[in-house]
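Chain naming here is simple, since letters A, B, ... match the order of the sequence lines and numbering starts at 1 in each. Hydrogens, waters and symmetry mates are skipped; everything else that's a heavy atom, side chains included, is used.
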Amino acid sequence: MDKHYNFREIESKWQKNWAESRLYKVSEQSDKPKYYVLEMFPYPSGNLHMGHVRNYSIGDVVARFKHMQGYNVLHPMGWDSFGLPAENAAIKHGVFPRDWTLSNIDNMKKQLKSMGLSYDWDREVTTCLPEYYKWTQWLFIQLYKKGLAYKKHAAVNWCPSCATVLANEQVVEGCCERCGTQVEKKALDQWFFKITDYAQRLLDDLEKLPGWPEKVKTMQHNWIGRSEGCEAMFKTEAGDELPVFTTRVDTIFGVTYMVLAPEHPMVEKLTKGTEYEQPVAEFVKKVQQLSNIDRTSGNLEKEGMFIGAYAINPANGDKVPIWITNYVLMDYGTGAVMGVPSHDERDFDFAHKYDLPIIRVIAESADKADEPLTEAYTDIGVLVNSGKFNGMTNKPDAIGAICDWLEEQGLGKRVINYRLRDWLISRQRYWGAPIPMVYCEKCGPQPVPDEELPVLLPTDVEFLPFGESPLKTSASFAEAKCPCCGGPATREMDTMDTFMCSSWYYLRYCDAHNDQAPWNKEKTDYWLAVDQYIGGVEHAILHLMYSRFFTKALYDMGLVSQEEPFTNLLTQGMVLKDGTKMSKSLGNVVSPEEIIDKYGADTARLFILFAAPPERDLEWNDSAVEGCYRFLNRIWKLIYSIHEAGYQPRELTAADKELRRVVHATLKKVTEDIAGRFNFNTAISAMMEMVNAMSAYRDAEGEAANADVICDAAEKLIIMLSPFAPHICDELWQQTGHADVVYNQPWPAYVEEYLQKAEVEIAVQVNGKLKARLVIPSGLDQAGTTAAVEAHADYAKWLGDKQAVKTIVVPDKLVNIVVK
RNA sequence: GCGGACGUGGCGGAAUUGGCAGACGCACCAGACUUAGGAUCUGGCGAGUGAUCGUGAGGGUUCAAGUCCCUCCGUCCGCACCA
């Protein structure tokens, strides 16, 4: 056996071996239970970063462990390869997006392979290739046929720098999620998916996901933003309807004004031809300009103006002035809000600023009805100044009663509102899947027939973003034939949001090369749902919500049998250096390539799993990496020395049994840490302890090591470590005389009986303070333990001059003597 | 403002069900081997001379609290005029 650990040789040898023997290939033909472990596929930027290394190391431990535990494991990898960076690179370097992307994939695949990950590469998917996006387009058409894809003219989020529109989810604090540029509003005809149809199910089914982090579920919950309320029908003096949405209909008798969003269609109608027309139009324009900069971020000073019209309150017939303000949004509720300064903080501030009246309609008790308000009263109370509802508790009684009352008169209705908006999927950029629609003057919009898919991306295009789709610069792309009448038609020029491609890739892995359908349902029925999904928390809303929506829509069409795609979700923390995220601009990037080159993939994997539990952020530490490298070297030397020593078997001594106990205790801990809670860091530290114990046993004075015990320990160590550091383990396994690879070994079971200790050290406490540690035979009951403690020579000393009144015994752990 | 997570040695972290706080590793210190060591091995390593004190601060429950309850402070993340 080789004396030294030569990771370079070992790692390339085994990577080659695994690839040539197709070790990680899987199929549905298996008697074993299935297990689908998936890591979020990368965007092929060209180089792996430490976040990838962390993500894929975690997934690989799970995949290898589950396989060894007897599961038929699907563990695939692919490329989320449409998107802006390729296009930007094309513009900058004059290369073609496809070439740039494919060469990046090539490079990253090499890097991934150098990590020794157990992927079935035969199932690789690449979203930018026609064999994949053909089905992305096909799925678009299915959604269209179901009425879940529609085109509308709407004010949309526009990033001037990326020269394309963005989904609401891609706007962060008023800025483009990608480039940070202030997002503007632009009115365009765009394609949307009706994700709002699924708002309630997306919300309800979060409860069916106990294996998801609370944090992610809370974020989705808030993003969906369900709120129950009442739509109350206010009317203008002329009788035009002006419904308002409110969750506080109990305050309706306190309305002293009404507010419309500046964009509200009634604003123009109500002011036309009046003295207010000009100033109102100016105000609206000002707010709209402002909205580009501030309206969605920061603390905007509330401003507004009276528009010269009045509304009638349906509850009491009061005539209240109609205002417009910068704090009412057109795209939530009805774009109209009732102003109740007495019981809403924003309305209170606004009323103060513009001297609007304040009428109290809720008080702590009826006799406090006339107490002046210095701030909005938002607590629970009873109704006052509210006609026949006076004296009623506001929540929930008055809300229900007033709703009923309005409904009876046809003046209101119960309504549920969601903050979630439909998903805007049109993009005015080149490097995406073309939206497979054609427009015919006679027949209107028509989906491209299946047999004409895919609609290929043209190559004769100008990439420079100019605010419209680059596909328009192609000489031939626009021309199409109407599938309906056969007449001339024009193609849709926009491409799809790349989040569409990643909303179904986990399905394609089940049947990656099917050219007749996106997948065979028998195959997805077998593999789905993903048992364990692993990725960054930054996808908590976008990707994870869209994928859930997709799965539900596909379920409703009968294309899949699952309503939720991912049973368990692990969100890994970031990899930090010097306390901040690694980034090129800060110059604190540690390259995985360099680390693998210097210490090997096994060390890199081991460190990244050892340094912190997976959900938490991880601080990169060069010398701790060396520590892991030393650990692998110690193991190598340990196994080498055992192998060379030629130990003999014999009857078990106490020391032999103790080592055997450590081995089985470690096995138990490692198994539970991987399977139960993904605490790889403590699994590794347990193996380090075991290695320390093996060295101490080997070097102990007296009898030489027992071959049975130490060789069994070595074998189990190699098996246990193999999901973490697979190359070194296969090499050690082979060099110690085994034929097959460790991956094909069953995960060993620990033997309960071997975990028993003959003696245990217990703590002796007096009133909870530690006084001594005592070695006693294990398994003593309460009385036996108490007797052993009381028989101890120092017993009287522990008590001092006090009397023992009670003794608490935790068997094999501690004794606490309560004294007075 | 609302929601979530967290706070333990010089550092990363462990303590899974309320039961010996600081496992394991890093850094550091000492020793061995050595011409030499940034290699390897061995030992030490929360504070305090000590009794003791110690898990962000203060209080509480308990025989026993890092863990449970209350109040407060701090850090990070998400959402943010959603009527």
Side-chain angles (χ1 to χ4, degrees), chain A residues 172-174 213-223 225-227 229 244-249 251 259 261 295-300 302 325-329 331-340 344-347 349-350 417-420 537-538 540-541 573-574 579 606-607 610-613 615-628 630-631 633-634 637 669 672-673 676-677 679 681-692 695 699 761-774 805-819:
Chain A
V172 178
E173 287 178 359
E214 276 315 308
K215 178 184 174 159
V216 173
K217 288 193 277 186
T218 307
M219 283 167 74
Q220 293 209 354
H221 190 275
N222 293 342
W223 191 263
R226 177 190 156 103
S227 94
V244 301
F245 174 71
T246 177
T247 55
R248 291 295 309 277
V249 74
T251 65
V259 197
R295 203 172 165 201
T296 48
S297 66
N299 293 326
L300 184 67
K302 290 177 180 52
T325 72
N326 57 359
Y327 76 90
V328 172
L329 310 170
D331 58 355
Y332 184 77
T334 61
V337 173
M338 60 188 209
V340 187
D344 181 281
E345 278 173 40
R346 294 158 303 187
D347 297 350
D349 293 346
F350 191 75
N417 257 317
Y418 300 91
R419 292 182 47 200
L420 184 71
V537 75
E538 65 272 18
I541 295 173
M574 288 187 293
L606 200 64
F607 165 75
F610 178 58
E615 310 82 3
R616 222 183 290 185
D617 287 349
L618 179 156
E619 174 70 30
W620 185 265
N621 179 336
D622 287 316
S623 41
V625 176
E626 290 197 40
C628 289
R630 278 202 288 270
F631 173 59
N633 273 287
R634 273 205 303 279
K637 280 187 273 186
K669 176 144 184 69
E672 290 172 355
D673 280 356
R677 48 177 214 160
N679 277 20
N681 55 330
T682 52
I684 293 167
S685 59
M687 289 187 280
M688 288 173 168
E689 286 179 77
M690 176 171 150
V691 167
N692 293 344
S695 302
D699 299 338
E761 189 182 68
I762 62 162
V764 178
Q765 296 177 337
V766 172
N767 284 357
K769 303 272 183 222
L770 182 69
K771 290 292 172 188
R773 293 175 220 269
L774 203 57
V805 293
K806 194 177 172 188
T807 306
I808 285 142
V809 178
V810 182
D812 290 350
K813 276 217 171 129
L814 73 88
V815 170
N816 188 14
I817 306 160
V818 186
V819 300

Exercise for the section: For Asp699(A) and G43(B), give me the distance from atom CG to atom P, rounded to whole Å. Expected result: 10 Å
Exercise for the section: Please report the closest heavy-atom contact between Met338(A) and Asp347(A), naming both atoms and the distance. Expected result: O-OD2, 3.6 Å
Practice task
Measure from NZ or CZ of Lys302(A) to the centre of the six-membered ring of Tyr327(A) and say whether it is under 6.0 Å with the direction within 45° of the ring axis.
Solution key: yes
Exercise for the section: Assign Asp344(A) to base, sugar-phosphate, or nothing according to its heavy-atom contacts below 4.0 angstrom with the strands shown. Expected result: nothing
Practice task
Indicate the atoms forming the closest heavy-atom contact of Ala540(A) with Met219(A), along with that distance.
Solution key: CB-CE, 3.7 Å
Exercise for the section: Identify the nucleotide, in any strand shown, that forms a Watson-Crick or G-U wobble pair with G46(B), with both distances under 3.5 Å; if there is none, say none. Expected result: C53(B)
Handout entry: OP1 or OP2 of A27(B) under 4.0 Å from side-chain N/O of Arg630(A)
Key = yes
Exercise for the section: Answer yes or no: are there more than 12 heavy-atom neighbours, outside Glu345(A) itself, under 6.0 Å from its atom CD? Expected result: no
Completion exercise
Scanning both residues in full, the closest heavy-atom pair of Phe607(A) with Glu619(A) reads CZ-O, 4.1 Å
Problem - Charged N-O contact under 4.0 Å between Lys669(A) and Glu672(A) - result: no
Exercise for the section: Name the closest nucleotide to the Lys771(A) side chain, picking from A27(B), A83(B), U52(B). Expected result: U52(B)
Exercise for the section: Please give the nucleotide sitting opposite C79(B) as a Watson-Crick or G-U wobble pair, both distances under 3.5 Å, or none. Expected result: G1(B)
Problem - Syn or anti conformation of G54(B), syn meaning chi within 90° of 0 - result: anti
Practice task
Nearest whole angstrom, please: distance from the C1' of C41(B) to the CG of Asn633(A).
Solution key: 14 Å
Practice task
Scan Glu761(A) against the nucleic acid and name what it touches under 4.0 Å (heavy atoms): base, sugar-phosphate only, or nothing.
Solution key: base
Handout entry: Strand partner of A36(B), provided both Watson-Crick or wobble distances fall under 3.5 Å
Key = none
Exercise for the section: Report which part of the nucleic acid Lys302(A) touches: base, sugar-phosphate, or nothing (heavy-atom distance under 4.0 Å, all strands). Expected result: base
Handout entry: Complementary nucleotide for A64(B) - Watson-Crick or wobble, under 3.5 Å
Key = none
Exercise for the section: Check for a donor-acceptor pair, side chain of Asn679(A) on one end and backbone N or O of Pro613(A) on the other, with a separation under 3.5 Å. Expected result: no
Fill in the blank from the handout: The residue among Leu618(A), Ile684(A), Val625(A) that forms side chain to side chain contact (heavy atoms under 4.5 Å, CB included) with Phe610(A) is Ile684(A)
Distances for protein N/O vs nucleotides 5-15 of chain B N/O pairs under 3.5 angstrom?
from	atom 1	to	atom 2	distance (Å)
G12(B)	O2'	Ala611(A)	O	2.6
G13(B)	O3'	Asn681(A)	ND2	3.4
A14(B)	OP1	Asn681(A)	ND2	3.1
A14(B)	OP2	Arg616(A)	NH2	3.0
A15(B)	OP1	Arg677(A)	NH1	3.1
A15(B)	OP1	Arg677(A)	NH2	2.7

Practice task
Just call it for Arg226(A): base, sugar-phosphate, or nothing, with non-hydrogen atoms closer than 4.0 Å on any strand.
Solution key: nothing
Fill in the blank from the handout: Nearest heavy-atom approach of Val328(A) to Gly335(A) is CG1-O, 3.7 Å
Which protein N or O atoms sit under 3.5 Å from an N or O of nucleotides 59-64 of chain B?
from	atom 1	to	atom 2	distance (Å)
C63(B)	O2'	Asn816(A)	ND2	3.2
C63(B)	O2	Asn816(A)	ND2	2.6

Problem - Any strand: nucleotide that pairs with G58(B) via Watson-Crick or wobble, under 3.5 Å - result: C70(B)
Practice task
Could you check how far CG of Leu770(A) sits from C1' of G19(B), rounded to whole Å?
Solution key: 12 Å
Practice task
State whether the side chain of Asp617(A) and the backbone N or O of Met574(A) hold a donor-acceptor pair below 3.5 Å, judged by distance alone.
Solution key: yes
Handout entry: Rounded interatomic separation in angstrom, taking CD from Glu538(A) and C1' from C79(B)
Key = 17 Å
Exercise for the section: Mind listing the closest non-hydrogen atom pair of Val819(A) and Asn767(A) along with its distance? Expected result: N-OD1, 2.9 Å
Are there any protein N/O atoms within less than 3.5 Å of an N/O atom in nucleotides 47-51 of chain B, and if so, which ones and at what distance?
none

Exercise for the section: Measure from the side chain of Ser623(A), starting at C-beta and using heavy atoms only, and say which of C26(B), C81(B), A83(B) lies closest. Expected result: C26(B)
Handout entry: Watson-Crick or G-U wobble mate for G9(B), both contacts under 3.5 Å
Key = none
Fill in the blank from the handout: Assert: residue with more 5' nearest nucleotide on RNA chain B, out of Ile684(A) and Ala336(A), is Ile684(A)
Handout entry: Span that lies between the P atom of A64(B) and that of C53(B), in whole angstrom
Key = 14 Å
Fill in the blank from the handout: Of the listed C24(B), C26(B), G19(B), the closest approach to the Glu689(A) side chain comes from C24(B)
Exercise for the section: Under 4.0 Å between any heavy atoms, over every strand shown, what does Gly333(A) touch: base, sugar-phosphate, or nothing? Just pick one. Expected result: nothing
Fill in the blank from the handout: Minimal heavy-atom distance between Tyr418(A) and Tyr332(A), with the atoms involved, is O-CE1, 3.7 Å
Problem - Thr334(A) vs Val537(A), nearer the 5' end of RNA chain B by closest nucleotide - result: Val537(A)
Problem - Residues Asn417(A) and Ser227(A): side-chain donor-acceptor under 3.5 angstrom - result: no
Problem - Any Arg634(A) side-chain nitrogen or oxygen under 4.0 Å from OP1 or OP2 of U40(B) - result: no
Completion exercise
Ranking C53(B), C79(B), A83(B) by distance to the side chain of Lys769(A), first place goes to C53(B)
Practice task
Determine: side-chain N/O of Tyr332(A) to OP1/OP2 of A83(B), distance under 4.0 Å, yes or no.
Solution key: yes
